[in-house]
*Asks:* 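There's a structure below that I have some questions on.
Naming convention: chains lettered A, B, ... in sequence-line order (proteins, then strands); numbering from 1 in each chain.
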Number of protein chains: 2
Amino acid sequence: MTKVVPDPMSGEEFEKLAIERVSELTPNVHAEAMSLVYNVVRLANRMVADIESQVHSAAGWSWAGFRIMFVTLVFGELEPRQISILSDVSRASVSSVLNTLERDGLVVRLRESEDRRLVTVRLTEQGEQSVMKAFVAHNQRERDWTLALTQKECTQLTTLIRKMLQSGPQANDQNGQ
Amino acid sequence: MTKVVPDPMSGEEFEKLAIERVSELTPNVHAEAMSLVYNVVRLANRMVADIESQVHSAAGWSWAGFRIMFVTLVFGELEPRQISILSDVSRASVSSVLNTLERDGLVVRLRESEDRRLVTVRLTEQGEQSVMKAFVAHNQRERDWTLALTQKECTQLTTLIRKMLQSGPQANDQNGQ
DNA sequence: AACTGATTGTCTATGCTCTAACGATCTTTC
DNA sequence: GAAAGATCGTTAGAGCATAGACAATCAGTT
């Protein structure tokens, strides 16, 4: 009665079935586009989940926390709005994550700029030590992921993804890329 | 005093700066791995945010809601645990999203299986109409994204990503892929 | 100086995500 | 049969994400 899902169903099997089924319901399905987006999102989710569980949550923080700590490490110190732009996240989210990081003593918020609206985010001593240590493990895990590919494939993949990022969605684009 | 971020700083500029800076602090940085993971995650975030804002939130729901509706459309009806496996999300998250979808009259939860632990999720009439309509717009937007690439590049990219998904992280892998 | 408009960081409300724990139910073992 | 173990869906609690509204501040015009 109930259609049973083959127990270990791979992503590719699901893709195939989905394209088949959807093609019955609606014409002109862009199968290649569907596969591409599906796989990009799936890979990103897997990578984030993997690195978060293997590296960051073990160290007591999150992917989001690390991302903010990392850009702050790179630039020395930053204002929240810059963090927001650099890590592609809303100002509200930055504010929220900073609450956690500040509570845990990893960053401090200062009001020392001429422009009194601005907040300066700076790593504490502990924060700097932690993020440097975490980066090593993080980067090691990133490398583990790339071992699936040859050096050449790795470069190719990065190049293609950069190309998509630069162009964005190409048609009917009403709010810029 | 404060290091100022060049206002429209591209992802690539940030990558370059980050690699430079991090290489001063720690040896043996895997720059290619860093770039790859960074760009994959960035692209996925952009795609999800774009499609969510252009298609799904306009229709009154979320990416997560659509994903569940879609797999249910493909299979006719499903149990939450199968949805969980197919969409790579925890059972708890599925349960949470189903609450929203059920509240909005898009799906129903039934207890009609022999195994009385199981719940059967089925689309309502309205749900089926909605998800089919949303799929067309969703898939159109997916195609807009692929226009940045040639047909050949698109296939290449999908193939490389599938390869990474199948292999997973290759070393020090303690909990399976 | 006063008005207008834009920007910054934060707060609220809502939703998705996870882990960990729970009762209910099935399965296996004794 | 009864006890032990596994599985299913849900809940609780925490964190991150968004949009939208807000006070404070700055910049420009008049």
*Asks:* Using whole Å, what does the distance between atom C1' of nucleotide D:dT18 and atom CD of B:E52 come to?
*Replies:*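 These atoms are roughly 9 Å apart.
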*Asks:* Within this structure, what is the CE-to-C1' distance between A:M69 and D:dG15, rounded to whole angstrom?
*Replies:*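 Roughly 16 Å, once rounded to whole Å.
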*Asks:* Between B:R122 and B:E112 (salt bridge meaning N to carboxylate O under 4.0 Å), is one present in this structure?
*Replies:*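 Yes, B:R122 and B:E112 are salt-bridged.
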*Asks:* Measure the distance from CZ on B:R46 to P on D:dA17 and round it to the nearest whole Å.
*Replies:*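 Whole-Å distance recorded here is 15 Å.
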*Asks:* Find the distance B:N99:CG to D:dG9:P and express it as a whole number of Å.
*Replies:*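 Those two atoms, CG and P, are 13 Å apart.
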*Asks:* On the nucleotide C:dG9, are OP1 or OP2 found under 4.0 Å from the side-chain N or O atoms that A:R91 carries?
*Replies:*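 For C:dG9, neither OP1 nor OP2 has a side-chain N or O of A:R91 closer than 4.0 Å.
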*Asks:* Just say parallel, tilted or perpendicular for the rings of B:H138 and B:W63, cut-offs at 30° and 60°.
*Replies:*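 It falls in the tilted class, 30° to 60°.
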*Asks:* May I have the distance from B:R109 (atom CZ) to D:dG9 (atom P), rounded to whole angstrom?
*Replies:*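 It works out to 10 Å between those atoms.
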*Asks:* Establish, with yes or no, whether the OP1 or OP2 oxygen of C:dT17 is under 4.0 angstrom from a side-chain nitrogen or oxygen of B:S90.
*Replies:*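 The answer is no; no side-chain N or O of B:S90 sits under 4.0 Å from OP1 or OP2.
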*Asks:* Is the shortest side-chain N/O distance from A:R103 to OP1 or OP2 of D:dA14 below 4.0 Å?
*Replies:*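 No, outside the criterion.
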*Asks:* Please check the phosphate of D:dT18 (OP1 and OP2 only) for any side-chain N or O of A:S93 closer than 4.0 Å.
*Replies:*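 The answer is yes; a side-chain N or O of A:S93 sits under 4.0 Å from OP1 or OP2.
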*Asks:* Which whole-number value in Å describes the distance from B:L118 CG to D:dA6 C1'?
*Replies:*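 After rounding, the reported distance stands at 14 Å.
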*Asks:* Would you mind telling me which residue lines up with the more 5' stretch of DNA chain C, A:V94 or A:R117, judged by nearest nucleotide?
*Replies:*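 Taking each residue's closest nucleotide, the earlier one in sequence belongs to A:R117.
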*Asks:* Within the 4.0 Å heavy-atom criterion, would you say B:T100 contacts the bases, only the backbone, or no part of the nucleic acid?
*Replies:*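 Result for B:T100 = sugar-phosphate.
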*Asks:* Name the closest nucleotide to the A:V97 side chain, picking from D:dA17, D:dG9, C:dC16.
*Replies:*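 Looking only at heavy atoms from C-beta outward on A:V97, the closest nucleotide is D:dA17.
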*Asks:* If you measure from the Lys or Arg side-chain nitrogens to the Asp or Glu carboxylate oxygens, is any gap between A:R21 and A:E24 under 4.0 Å?
*Replies:*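 Salt bridge present between A:R21 and A:E24.
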*Asks:* Assign B:A92 to base, sugar-phosphate, or nothing according to its heavy-atom contacts below 4.0 angstrom with the strands shown.
*Replies:*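 B:A92: base contact, heavy atoms under 4.0 Å.
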*Asks:* State, with a plain yes or no, whether a side-chain heavy atom of A:F66 is found less than 4.5 Å away from one of A:V55.
*Replies:*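 Counting from C-beta outward, A:F66 and A:V55 never come under 4.5 Å.
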*Asks:* Tell me the interatomic distance from B:H56, atom NE2, to D:dA19, atom C1', rounded to whole angstroms.
*Replies:*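 Answer to the nearest Å: 18 Å.
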*Asks:* Taking only N and O in the side chain of B:S62, is any of them less than 4.0 Å away from OP1 or OP2 of C:dC16?
*Replies:*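 B:S62 to C:dC16 OP1/OP2: side-chain N or O found under 4.0 Å.
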*Asks:* Is the number of heavy atoms from other residues, nucleotides or ligands under 6.0 Å of B:E114 CD greater than 12?
*Replies:*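 12 or below, so no.
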*Asks:* Find which nucleotide of DNA chain D each of A:R67 and B:L98 is nearest to by heavy atoms, and output the residue with the more 5' nucleotide.
*Replies:*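 Mapping each residue to its closest nucleotide by heavy atoms, the 5'-most match is B:L98.
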*Asks:* Rounded to whole Å, how long is the line connecting atom CZ of B:R81 with atom C1' of D:dG9?
*Replies:*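 B:R81 atom CZ is separated from D:dG9 atom C1' by 11 Å.
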